[in-house]
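One structure is given here, and the rest of the page talks about it.
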Amino acid sequence: MSKAGLVSDALILGPAIWACSFLLRSRWHERSVARLIDRGADEATVQLKREEARYYQDFARVMPNYMLAALTLGLALRVYLVLAGFFAP
């Protein structure tokens, strides 16, 4: 694979991994809420864990501008490489 292909993959995978890590944390907190409810925890503790899960979900959805820029650049580079390979002799 060419260096441009590797850079493209890194620019695409970086933001994707970042967002997935926050979604996984969110899911972890949701499972914690379920365990707390099963154990009969008080409502304040359950509510706090639910808010933490929502925080991580929201943070995963709202990607910082520099990550959106990296993702856009990586996708544009990937499209160029695909088109260059398609039209190469």
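All values below come from the heavy atoms of this structure, side chains included, with hydrogens, waters and symmetry mates left out.
Rounded to the nearest 0.5 Å, atoms CG (Leu36) and CD (Glu43) are 10.5 Å apart. Atom CH2 of Trp18 sits about 9.5 Å away from atom CG of Leu23, to the nearest 0.5 Å. Atom CG in Leu77 sits 9.0 Å away from atom CG in Asp9 (nearest 0.5 Å). We find the CD1-CD1 distance between Ile17 and Ile12 to be 11.5 Å, quoted to the nearest 0.5 Å.
Annotation for Arg78 and Ser8: closest pair CB-OG, 3.3 Å, computed over non-hydrogen atoms. In this structure, Ala70 and Leu11 approach most closely via the heavy-atom pair O-CB, 3.4 Å. Closest non-hydrogen pair, Lys49 versus Val33, comes out as CB-CG2, 3.3 Å.
Hydrophobic clustering of Ile, Leu, Val, Met, Phe, Trp and Tyr side chains at less than 4.5 Å, counting indirect connections, keeps Leu73 apart from Tyr66.
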* Taking it one step at a time, do Arg31 and Trp28 satisfy side chain to side chain contact (heavy atoms under 4.5 Å, CB included)? -> CA-CA 5 Å; Arg31 292 176 59 91; Trp28 182 266; 5.5 Å; no

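In this structure, Arg54 does not pair ionically with Glu51, as no charged nitrogen and carboxylate oxygen lie closer than 4.0 Å.
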